[in-house]
Protein chains: 2
Amino acid sequence: MKQTKISEAVVRRLPIYLQVLNELNNREVQTVSSQELGVKLDLNPAQIRKDLAYFGDFGRKGIGYDVTYLIEKIRQILKLDQTINVALVGAGNLGHALCNYNKYSKDNMKIIAVFDVHPSKIGSQINNLTVMPMDMLKQTVEENNIRIGIITVPGFEAQNVANQFIDAGIEGLLNFAPAILKVPEEIRIHHADFTKELLSLAYYLERERDDENEPNLD
Amino acid sequence: MKQTKISEAVVRRLPIYLQVLNELNNREVQTVSSQELGVKLDLNPAQIRKDLAYFGDFGRKGIGYDVTYLIEKIRQILKLDQTINVALVGAGNLGHALCNYNKYSKDNMKIIAVFDVHPSKIGSQINNLTVMPMDMLKQTVEENNIRIGIITVPGFEAQNVANQFIDAGIEGLLNFAPAILKVPEEIRIHHADFTKELLSLAYYLERERDDENEPNLD
DNA sequence: TCCTTTATGTAAAGGCTGGTTCCAAGTATG
DNA sequence: CATACTTGGAACCAGCCTTTACATAAAGGA
């Protein structure tokens, strides 16, 4: 257990490990070796060991890793062992989808408040949450100890929403809007802009097709 | 214009450049320097120049880049100058959101077919698309020259759907499901699993808050 | 008990990608 | 014609990621 700098790539793999471990746990597998994990994840076993070793000595030589123990440990690392409250701004289709997804999630991370800038949306129900106006944001964040904000508004509104989140004292942001957001150093921001993902995916297609395909959907 | 290997990071920045350029274009800005772009994007100007130079000599010394010309070029690189047909499997909330988003998109990339594995969903309407059964997938992909598949099904169904897409001859996949998918070398797969993004975001929060939850940490 | 097998944790090395600095060359402007 | 500006490319640097290799520890069988 060395305490050097832990790179982002390592942190990004933790949720993947957790996913596979949960699967194994569901199948009541007791222990797993880095070798086996490596096959499942297409990763080098040494890398998995090294990743885990950053956070502690979780394995046993000759045996491997105890599945439930390792799950517990990774959940601690990712802070899933404590309740993390999340707020969402943008009660559109995507916002609905996330709230709905949230309902089925086992994690302690819960969307507990939804906001929208448009009066027409305010007061409507999503699952069992009532969409609130933006001027309730700051107060709600403070009172409910909300630490993460999700932005699912159109691009041109995103910066404004981000600013209000930051002003309210949020620690991290997950941005779905196709916009470049400026945030202070201390705010952690992750992007989940699928439009960019889709555009960059197109790059890797083979060029050539140019058939003037009339996209008539019949 | 050197034709070395172009890294993923470069390709991932192209959509971002495009976004900013479109904004400039809307404001009828004629030309822009890498310096100005760098400020807007928090990037080193040299990096922007280098990125663009991979694909050709788009700029003019002493002047900068012509905005509309550069937009056109990046669109060519990302193949947005041709129609790229997309199919989506999973007519749940997220699927709805994507289809709806798609409606407003200016890109030539269009979701032109939606499928679902569950009989209850089949036949329902999303925008102006009718949800089709999975056994129509292959035929539809072939007939409509669909090149990209989007997966918005629950994790446990994702691999199965991916296999069917691949069997139908898809070139690229965008996966929203929280699952590790095995695909052949030649299939390009991008992930947009926001749950992972959210979990890794939690890692970067300051530990400490323990609210009502018993810590139970030794 | 002892030997073999298995599998971890970590050090070390290597490779690769990504980013930055620097400069020559081209263009517009006065 | 001189100056200021800006690109494109070469070269350099840095750091991260990955892999290899090995010492160590545990379990199981003889």
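Any value given below was found using the heavy atoms of this structure, including those in side chains, with hydrogens, waters and symmetry copies removed. Note on naming: letters A, B, ... go to the chains in the order of the sequence lines (proteins, then strands), and numbering restarts at 1 for each one.
Nucleic acid contact for A:R49: base, since at least one base atom lies under 4.0 Å from a heavy atom of the residue.
Here the P atom of nucleotide D:dC5 and the CG atom of B:L37 are 18 Å apart, to the nearest Å. The distance between atom CD1 of A:I48 and atom P of C:dT10, rounded to the nearest whole Å, is 16 Å. The NZ atom of B:K61 sits 19 Å away from the C1' atom of C:dT29 (whole-angstrom rounding). Computed from coordinates, the B:Y65 OH to D:dC5 P distance equals 18 Å when rounded to whole Å. One atom, CZ of B:R12, and another, P of C:dG19, lie 13 Å apart when rounded to the nearest Å. Following rounding to the nearest Å, B:I63 (CD1) and D:dT3 (C1') show an atom-to-atom distance of 15 Å. The interatomic distance linking B:F58 (CZ) with C:dT27 (C1') rounds to 19 Å, in whole Å. The nearest whole Å value for the distance from the CG atom in B:D51 to the P atom in D:dG9 is 13 Å.
Once rounded to the nearest 0.5 Å, the distance linking NZ of A:K73 with CG of A:L52 reads 12.5 Å. Taken to the nearest 0.5 Å, the CG atom of B:L70 stands 7.5 Å off from the CG atom of B:L37. Taken to the nearest 0.5 Å, the CE atom of B:M134 stands 9.0 Å off from the CD atom of B:E157.
In summary, the side chains of B:D66 and B:T68 do present a donor paired with an acceptor at a separation below 3.5 Å, with no hydrogens or angles considered.
Within a 6.0 Å radius of CD in B:E142, more than 12 heavy atoms belonging to other residues, nucleotides or ligands are found.
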Might you list the N or O atoms of the protein lying below 3.5 Å from N or O atoms in nucleotides 11-18 of chain D, with each pair's distance?
from, atom 1, to, atom 2, distance (Å)
D:dC17, OP1, A:S7, OG, 3.2
D:dC17, OP1, A:A9, N, 3.4
D:dC17, OP2, A:S7, OG, 2.2
D:dT18, OP2, A:R13, NH1, 3.0
D:dT18, OP2, A:R13, NH2, 3.4
D:dT18, OP2, A:Q47, OE1, 2.9
D:dT18, OP2, A:Q47, NE2, 2.7
D:dT18, O5', A:Q47, OE1, 2.9
D:dT18, O4, A:K50, NZ, 2.9

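The phosphate of D:dA27 (OP1 or OP2) has a side-chain N or O of A:R60 nearer than 4.0 angstrom. Phosphate proximity of C:dT8 to A:S34: present, with a side-chain N or O under 4.0 Å from OP1 or OP2.
Looking at A:Q19, its side chain does come within 3.5 Å of a backbone N or O of B:P178 through a donor-acceptor pair.
Every residue two or more places apart in sequence or in another chain that forms a ring-ring contact (aromatic ring centres under 6.0 Å, His included) with B:F194 is listed here: A:Y101, A:F176.
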